[in-house]
Amino acid sequence: QAQVVESGGGLVQAGGSLRLSCTASGRTFSSVAMGWFRQAPGKEREFVAAIRWAGSNVNYADSVKGRFTISKDNTKNSGYLQMNSLKPEDTAVYYCAGGRMIAQAPGWYDYWGQGTQVTVSS
């Protein structure tokens, strides 16, 4: 059974940093990519970043380029999202997902975690 678990969310002041972690197990081993998405109250889920499990291809949403860095550790089936220079508008529930390709559309991702809350205070 596929399972994806996120951790590392919390409350931080604007300008601060957080590091999210994602650990995958089960059928998620077959995923080609790992993606991070976020969803703020009253808004649709939006793409944040993605990385291929094999190789180093990455993709970022324009809103986080230069501030967020996605990385992975294949030996641990884990991925990370380093978030720097956080802004209040980054406040959302952040989800990790295993997908069939690097894509910004959620539909390409089959395995989702339950999410971790990130709150950035002004």
Side-chain angles (χ1 to χ4, degrees):
Q1 184 176 353
Q3 187 174 16
V4 176
V5 179
E6 309 95 336
S7 62
L11 173 64
V12 64
Q13 289 187 333
S17 298
L18 281 174
R19 187 184 191 225
L20 305 183
S21 298
C22 170
T23 300
S25 61
R27 289 187 60 193
T28 52
F29 285 120
S30 64
S31 294
V32 173
M34 178 194 69
W36 286 97
F37 291 77
R38 66 186 181 186
Q39 188 166 18
K43 295 187 177 182
E44 293 186 353
R45 190 168 298 188
E46 66 172 353
F47 172 78
V48 175
I51 188 169
R52 283 180 62 91
W53 285 113
S56 58
N57 288 12
V58 298
N59 187 259
Y60 293 97
D62 289 342
S63 59
V64 306
K65 281 181 181 177
R67 300 189 299 122
F68 291 10
T69 302
I70 190 170
S71 61
K72 60 186 173 67
D73 184 338
N74 292 72
T75 65
K76 298 180 180 179
N77 291 312
S78 295
Y80 310 95
L81 186 68
Q82 178 66 42
M83 305 185 295
N84 298 329
S85 302
L86 282 162
K87 305 175 182 179
E89 51 263 44
D90 294 318
T91 295
V93 177
Y94 283 71
Y95 298 90
C96 177
R100 286 162 276 154
M101 62 178 291
I102 289 184
Q104 297 196 358
W108 285 101
Y109 295 81
D110 301 312
Y111 310 107
W112 293 83
Q114 292 187 336
T116 185
Q117 177 70 47
V118 171
T119 303
V120 184
S121 62
S122 58

Kindly say whether [Y] contributes a backbone atom to a donor-acceptor pair with the side chain of [X] at under 3.5 angstrom?
| X | Y | answer |
| --- | --- | --- |
| Thr91 | Val120 | yes |
| Tyr60 | Ile70 | yes |
| Glu6 | Gln114 | yes |
| Arg52 | Asn57 | no |

So, for [X] and [Y], which heavy atoms are closest and what is the spacing to 0.1 Å?
| X | Y | answer |
| --- | --- | --- |
| Ala92 | Gln117 | O-NE2, 3.4 Å |
| Cys22 | Trp36 | CB-CZ2, 3.5 Å |
| Gln82 | Ser17 | NE2-CB, 3.9 Å |
| Cys96 | Met34 | SG-CG, 3.7 Å |
| Ser122 | Ala14 | CA-CB, 4.4 Å |
| Ala49 | Leu81 | CB-CD1, 4.2 Å |

Hey, any chance [X] and [Y] share a hydrophobic cluster, counting ILVMFWY side chains that come within less than 4.5 Å of each other, even indirectly?
| X | Y | value |
| --- | --- | --- |
| Leu20 | Phe68 | yes |
| Ile102 | Trp53 | no |
| Val93 | Leu11 | no |
| Leu86 | Phe47 | no |
| Val58 | Val64 | yes |

When rounded to the nearest 0.5 angstrom, what distance separates [atom1] in [X] from [atom2] in [Y]?
| X | Y | atom1 | atom2 | result |
| --- | --- | --- | --- | --- |
| Glu44 | Gln39 | CD | CD | 8.5 Å |
| Tyr80 | Asp73 | OH | CG | 5.0 Å |
| Arg100 | Trp108 | CZ | CH2 | 6.0 Å |

- Query: Could you walk me through whether Lys76 and Ser21 pass the side chain to side chain contact (heavy atoms under 4.5 Å, CB included) check?
  - Reply: CA-CA 11 Å; Lys76 298 180 180 179; Ser21 298; over 6 Å; no

- Would Lys65 and Asp62 satisfy salt bridge (charged side-chain N to carboxylate O under 4.0 Å, His left out), going step by step from the backbone distance to the final call? CA-CA 5 Å; Lys65 281 181 181 177; Asp62 289 342; 3.2 Å; yes

- Query: Are Val118 and Met83 close enough that some pair of their side-chain heavy atoms sits under 4.5 Å apart?
  - Reply: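 Heavy-atom side-chain distance check passes, below 4.5 Å.
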
- Item | Tyr95/Tyr109 aromatic ring centres below 6.0 Å |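 No, the ring centres sit 6.0 Å or more apart.
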
